[in-house]
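Reminder, nothing fancy here: chain letters follow the sequence lines and each chain counts from 1.
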2 protein chains.
Amino acid sequence: MVTLKQLAKELNVSISTVSKALNNSEEIGEETVRRVKELAELYNYKPNKVALSLKNNKTKTIGVIIPNILNRFLAKVLFGIEREATKHGYNIITCISNESLEKEKEGLQLLANGSVDGFILSVAEETQMNNEIEHFKKTISQGLPIVMFDRVAHDVLCDKVIVDDFDATYNATKSLIEEGRKQIAFISNINDISVGKLRERGYNKAILETTNLEPLVLKVKKKDDHPKRIKSFFKKTKGIDGVIAADSSSGIIAINVAVGFGLKVPKDISVIGFSSKSESNHTMPKLTTIRQHAKVIGAHAAQLLINRMQNTLEDEDVKTKIVKTSLVKNKSTL
Amino acid sequence: MVTLKQLAKELNVSISTVSKALNNSEEIGEETVRRVKELAELYNYKPNKVALSLKNNKTKTIGVIIPNILNRFLAKVLFGIEREATKHGYNIITCISNESLEKEKEGLQLLANGSVDGFILSVAEETQMNNEIEHFKKTISQGLPIVMFDRVAHDVLCDKVIVDDFDATYNATKSLIEEGRKQIAFISNINDISVGKLRERGYNKAILETTNLEPLVLKVKKKDDHPKRIKSFFKKTKGIDGVIAADSSSGIIAINVAVGFGLKVPKDISVIGFSSKSESNHTMPKLTTIRQHAKVIGAHAAQLLINRMQNTLEDEDVKTKIVKTSLVKNKSTL
DNA sequence: CTGAAAGCGCTAACAC
DNA sequence: GTGTTAGCGCTTTCAG
């Protein structure tokens with residue numbers, strides 16, 4: 001990499017002249033500016049990012065801590081974050097917590113040494129189960145703002161971007177009730193995280209406020225043979241004619257299981273899931289889905305953080321943005 | 001963030017004394033070391049990463065340029081890279097090229113200003129179609145090593161990690177032939193990238209070296225209604241009894257389509273795809289898949305790069321690592 | 001044993 | 001118009 005020093009030497013001028021010339025300072029003579037820029041072009045000079053960071057005490061880098069990159073929703077949010085960040089001239093450093101509290105702490109610590117100007121994160125499952133929030137508070141008190149998305153720690157004072165999980169399943173369940181479904185099941189493999197619980201509550205509310213309906217809940221563990229659990233649930237619980245799936249795969253599997261049992265979808269049974277567009281192609285008929293607009297969530301999170309970093313708002317003055325889900329009707333519902 | 005300066009001031013010693021004490025230099029007195037370390041602990045002192053980077057002319061950061069984070073395979077490789085990098089004390093900065101040549105160039109440029117010590121990347125589709133490689137060469141000549149994985153540019157002299165794509169489909173096709181399948185189709189939505197072509201060639205070879213078999217190839221475009229295309233392909237081409245899918249969704253859709261036509265899988269038709277483990281759960285019966293060991297690929301790529309960065313090997317002395325696929329038999333084949 | 005000083009690459013206030 | 005200098009935070013040589 002060429003430095004100002006080298007350019008200055010070759011041009012027989014001082015370093016600061018070169019710097020000013022390249023930054024279009026009014027002070028420098030036209031001719032000099034031309035010569036400097038020409039040489040800089042030739043050598044493909046780029047200001048050293050690290051030196052700038054040190055000087056400005058700003059890295060223009062966002063730390064993103066994500067629980068699981070193989071989760072399509074989270075990957076999509078990351079995509080949204082990256083795009084928005086790039087648009088504003090920020091880079092992103094990614095850490096994967098793998099749903100572990102320890103790794104989440106490490107990631108936070110490791111990057112809080114001047115590597116990043118702030119964080120965007122979704123809370124790890126283990127962290128939510130243990131209700132740990134000290135590491136977040138500590139980071140914020142060090143002057144590094146955090147924006148949380150989707151799985152948030154409500155007791156931490158920071159900007160947040162969340163989904164209307166409760167309303168999403170409430171409305172979805174309602175829509176199945178309106179179809180005339182009587183035995184609507186709720187299937188979830190995300191029981192331990194905040195959004196999973198909200199989704200279950202939304203479902204429960206819709207069921208309980210309707211006469212003659214009873215909640216039918218299947219909680220699948222990560223380690224279970226997912227298709228097998230759902231199959232035996234269908235066998236055990238006769239007459240299921242509707243399914244609300246809380247995660248991205250349960251809906252898909254439920255359709256396959258139903259088809260396997262000879263049921264017609266959506267004639268005999270309706271299924272609504274939380275999958276993404278491309279995943280909803282993976283079933284026949286196509287899955288009716290609750291879309292979370294992951295990219296939008298990512299973009300909002302990035303905007304909130306960048307806004308905070310550039311304007312040094314009051315710590316207490318935090319925003320929570322709710323990104324509404326939409327129910328995309330495909331062929332797995334009436 | 002606390003700095004050495006602040007610690008020094010508070011302790012009434014010089015900055016260099018503090019620095020040495022924290023780095024366990026022999027020069028400093030026991031008592032002083034104790035005092036310094038105590039205060040550093042108290043203030044949770046962490047050496048400023050940016051300052052260190054500037055000093056050492058090393059960022060301990062890897063730039064990763066990935067065409068598409070929503071592709072499960074690529075996301076998994078990223079996971080592997082991240083894990084291996086973290087293990088060696090490296091951070092990763094991620095850019096998403098979105099299959100665009102322009103964004104790939106930008107990412108490379110943007111990070112080649114001292115932000116990273118080297119790159120790991122998979123070539124964007126557009127780049128492969130245009131056969132552009134100058135930007136890679138330029139980056140390498142600037143002293144920033146590149147490791148390419150999966151979709152590589154063969155004419156660029158650098159370390160590579162690839163999959164045995166040709167052999168993978170060749171062997172998979174062979175195995176269907178051995179099952180006695182006569183009408184084996186090849187379905188792909190990745191016709192424009194290097195690995196897609198290799199996979200088609202592997203299939204073709206197996207078909208053509210068997211008497212009485214003819215290649216049956218369906219190329220799906222990104223924009224197509226994927227299920228619809230496959231459905232009409234099945235209708236038009238009577239008697240398909242085997243499918244080799246080159247990408248992660250074609251296999252899944254093929255099974256669903258076959259089941260929709262009343263075919264029994266695997267009795268009437270066998271399907272082999274390139275999906276990941278969790279995706280193979282999305283069909284009934286479970287999809288027999290070619291596993292690419294994405295995480296291993298990521299780990300290898302990171303190792304190659306770190307090795308090169310730390311040992312400054314000769315530019316010409318490059319390695320290509322081949323990670324063999326494995327055929328995981330599930331229930332969609334005999 | 002401790003401290004002063006230089007230097008990594010850059011910017012900006014201040015001289016000249 | 002151009003140059004000198006200090007300083008961002010750190011390590012390291014060299015003096016004391």
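- Between the CG atom of A/Asn113 and the C1' atom of D/dC10 there is a distance of 13 Å, rounded to whole Å.
- By the neighbour-count criterion of 12 heavy atoms within 6.0 Å, atom NZ of A/Lys138 is sparsely surrounded, having that number or fewer from other residues, nucleotides or ligands.
- A/Ile28 places its CD1 atom 13 Å from the C1' atom of C/dT11, with the value rounded to the nearest Å.
- Side-chain atoms of B/Lys49 stay outside donor-acceptor range of the base of D/dG9, with no qualifying N/O pair under 3.5 Å.
- Looking at heavy-atom distances under 4.0 Å, B/Val13 makes contact with sugar-phosphate atoms alone, never a base.
- Across all their heavy atoms, B/Pro67 and B/Ile96 have their closest contact at O-CG2, 4.0 Å.
- Atom NZ in B/Lys55 sits roughly 10 Å away from atom P in C/dG9 (whole-Å rounding).
- One atom, CG of B/Asn23, and another, P of D/dC10, lie 11 Å apart when rounded to the nearest Å.
- Side-chain proximity of B/Ser14 to the nucleotides C/dA4, D/dC10, C/dC10 is greatest for C/dA4.
- The residue A/Thr3 sits close only to the backbone: its heavy atoms come under 4.0 Å of sugar-phosphate atoms, none of a base.
- Atoms CD (A/Gln6) and C1' (C/dG7) sit 15 Å apart, rounded to a whole Å.
- Nucleic acid contact class of B/Leu54 (heavy atoms, under 4.0 Å, all strands): base.
- A/Lys20 comes within 4.0 angstrom of a nucleotide base, judged by non-hydrogen atoms across all strands.
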side-chain contact (heavy atoms from CB on, under 4.5 Å) between A/Ile81 and A/Leu305, intermediate numbers included: CA-CA 10 Å; A/Ile81 296 173; A/Leu305 184 64; over 6 Å; no
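- Counting any heavy atom pair closer than 4.0 Å across all strands shown, B/Asn56 reaches no nucleic acid atom.
- The NZ atom of A/Lys60 sits 18 Å away from the P atom of C/dC10 (whole-angstrom rounding).
- In this structure, A/Arg35 places its CZ atom 16 Å from P of D/dG1, rounding to the nearest Å.
- Remark: B/Ser19 is in phosphate contact with D/dT11, judged by side-chain N or O atoms under 4.0 Å from OP1 or OP2.
- Taking side-chain N and O atoms only, B/Lys5 has a distance below 4.0 Å to OP1 or OP2 of D/dC8.
- Residues B/Ile15 and A/Leu4 both approach DNA chain C. Their nearest nucleotides, taken by heavy-atom distance, put B/Ile15 toward the 5′ side.
- Residues A/Glu314 and A/Arg308 approach most closely at O-NH1, 3.1 Å, considering heavy atoms.
- A/Asn57 comes within 4.0 angstrom of nothing in the nucleic acid, heavy atoms only.
- Atom CG in A/Leu54 sits 13.0 Å away from atom NZ in A/Lys49 (nearest 0.5 Å).
- Distances shorter than 4.0 Å separate none of the side-chain N or O atoms of A/Thr17 from OP1 or OP2 on D/dT2.
- With the nearest nucleotide of DNA chain C identified for both B/Glu30 and A/Asn48, B/Glu30 has the one nearer the 5' end.
- One interatomic measurement links the two molecules: NZ of B/Lys9 to P of C/dG3, which rounds to 16 Å at whole-angstrom precision.
- Of the candidate nucleotides D/dG3, D/dC10, D/dC8, D/dG3 has the atom lying nearest to any side-chain atom of A/Glu27.
- Counting non-hydrogen atoms under 4.0 angstrom, B/Thr32 reaches the backbone sugars and phosphates but no base.
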Run the side-chain contact (heavy atoms from CB on, under 4.5 Å) check on A/Phe73 and A/Ile297 step by step: do they pass? CA-CA 10 Å; A/Phe73 168 70; A/Ile297 295 175; 3.8 Å; yes
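- Below the 3.5 angstrom threshold, one finds a donor paired with an acceptor across the side chain of A/Ser16 and the base of D/dT4.
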